[in-house]
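The next block holds one structure in the form of structure tokens; read it before the comments.
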Protein chains: 2
Amino acid sequence: MPFKNTFFKSAFSVDNVIFGLDDSKLKVLLIRRKGEPFKGEWALPGDLVHPKENLRDAPKRVLKELTGLVDVYLEQVHTFGKVDRHPVGRVVTVAYYSLVNIHKVKPRAASFASEVEWFPVFDLDSLPFDHLEILHKCTSRLQKSVRTMPIGFELLPEKFTLSDVQDLYEAVLNKKLDKRNFRKKFLSMGILVDVKEYQTGVAHRPAKLFRFETETYDEFKAKGFNFEI
Amino acid sequence: MPFKNTFFKSAFSVDNVIFGLDDSKLKVLLIRRKGEPFKGEWALPGDLVHPKENLRDAPKRVLKELTGLVDVYLEQVHTFGKVDRHPVGRVVTVAYYSLVNIHKVKPRAASFASEVEWFPVFDLDSLPFDHLEILHKCTSRLQKSVRTMPIGFELLPEKFTLSDVQDLYEAVLNKKLDKRNFRKKFLSMGILVDVKEYQTGVAHRPAKLFRFETETYDEFKAKGFNFEI
DNA sequence: ACAAAAGTGTTGTGTTTACACCCATGT
DNA sequence: ACATGGGTGTAAACACAACACTTTTGT
């Protein structure tokens, strides 16, 4: 259970914004809360930080409990600490976002959640606590990151087409991009490797498959790039 | 005093990285610690967050106590929460940075500080706790922000020359920039207003003075810009 | 044959970089 | 007269935006 409702004065928690890509839509994993407050409502997953637990391990633990995943892209975004943000007491919360491949994950109920489900990010317009603000902040951060670092590949299968990548970018940025310009720019960065295979069983010209060049990828991750597309 | 050394199990604090510009160098305000641990050492100013205090008000309070300033640029950067980052107990700390005009500030000792002094950022290579890491993170963030928003003007006097601005950018980015290109780009943004005055008493051709166009400035702050110089 | 998505180049426009000399003042 | 920093323009390289048709497959 997330909180001992009696006699806690202050605590820190983490909240996880877990992004996935499905049906060319950016989605976020919400849980149905098992405990009070807001019992039964859809909210961001999160938990108190344990006394002997490094801060960054808390969102990892939540993620693992919820999805089984352990090596996941995880970025700290912002800390929320208004006095009254939590109705039960003083809880300062640190928000993290993650990127997971939605089709490799079978989310399961967890200690703090009776149900788990993916929701389209841009359709949500109310959440308990300050979770909507947290979601917005994480979404903006993702949109910024995707333009300055090669992230987001975590959201795709191992082998993918250039159109998959474009779909991903369009889903994250929530807008249409020019196909030719996108391809030109993306290919020229040199983080994609042609695996010399093609899609099969599609009712149109089969697309080339690519994978990531991890070395270049890491380089870019370190020094960033400019993907103003 | 910053901590009751006995019987505290966990707490959250804030740490302030207060930047100023002096002698064309980027400096940071450090305090000599009054209390244990690391009593007497130079460290980042900071304090515990009070129980009834909004998180963001804590760094404001520290800033006010230390400098007397109340309306100051303040940005949350990152939260540090390794279990052992503080020798006395579990303290999760939220780092903020601020920009202040070093010549308008007469820093004074505070409840947690016996002395206060400006240190050149790029010369520091050791600090207690994880304060060096905090400083690095804040410096990187400042360097990034200065390229994407019109900030940093807080570090300058009200009327200033274009060379002052360039000095500022060179100090923050810690590298030389091309004079003509800098001026061209900066002027073209339209956030500077010619105040039709000139420097006096300088042993060279006196420079034009400028001030900020607050409206445009706020616009840019909202939507950002690209200052890849 | 048709539908569906893959794939491909060029041109105009704007942005970035590199670079060297004269100007106005105080001493 | 000299030292000091202020101030200015151009050309070449590069990046970005806009835009339409052909190819390959499955049905």
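Labels below follow one simple rule: chain letters A, B, ... track the order of the sequence lines, proteins then strands, and each chain is numbered from 1.
Taking side-chain N and O atoms only, A/R180 has no distance below 4.0 Å to OP1 or OP2 of D/dA18. A close approach under 4.0 Å does occur between a side-chain nitrogen or oxygen of A/K185 and OP1 or OP2 of D/dC16. An OP1 or OP2 oxygen of D/dG6 is reached within less than 4.0 angstrom by a side-chain nitrogen or oxygen of B/S163.
When distances run from any side-chain atom of A/R183 to the nucleotides C/dA24, C/dT17, C/dT8, the shortest one goes to C/dT8. Comparing D/dA17, D/dG6, D/dT10 by their closest approach to the side chain of A/N181 singles out D/dA17. Comparing C/dA24, C/dG7, D/dT10 against the side chain of A/K208 picks out C/dG7 as the nearest.
As rounded to the nearest Å, C/dC22 and D/dC2 have C1' atoms that lie 15 Å from one another.
If you measure from atom CZ of A/F186 to atom P of C/dG7, you get 15 Å, rounded to the nearest angstrom. A straight line from NZ of B/K179 to P of D/dT8 spans 10 Å, rounded to a whole angstrom. To the nearest angstrom, P of C/dG9 lies 15 Å from CG of A/D178. Distance, B/H204 NE2 to D/dG6 C1': 7 Å, rounded to whole Å. The distance between atom CD of B/Q199 and atom P of C/dC23, rounded to the nearest whole Å, is 19 Å. A straight line from CZ of A/F160 to C1' of C/dA6 spans 16 Å, rounded to a whole angstrom. The distance from atom CG of B/L177 to atom C1' of C/dT16 is 13 Å, rounded to the nearest whole Å. In this structure, CZ of B/F182 is placed 16 Å from C1' of D/dT8, rounded to the nearest angstrom.
Evaluated for a side chain to side chain contact (heavy atoms under 4.5 Å, CB included) with B/F153, the options B/N101, B/I191, B/D164 yield exactly one hit, B/I191. Each of A/K175, A/K25, A/K176, A/K179 was checked for a salt bridge (Lys or Arg N to Asp or Glu O under 4.0 Å) with A/E170, and the lone residue meeting it is A/K176.
B/R61 has a carboxylate O that lies under 4.0 Å from a charged side-chain N of B/D47, or vice versa, which qualifies the two as a salt bridge.
Checking B/S163 against B/R183 by side-chain atom types alone, a donor-acceptor pair falls below 3.5 Å.
For B/K184 and C/dT16, a side-chain-to-base donor-acceptor distance below 3.5 Å is absent, hydrogens and geometry of angles not being considered.
A centroid separation of 6.0 Å or more is found between the aromatic rings of A/F129 and A/F80.
Nearer the 5' end of DNA chain C, as judged by each residue's closest nucleotide, is the contact made by A/Y198, out of A/Y198 and B/T200.
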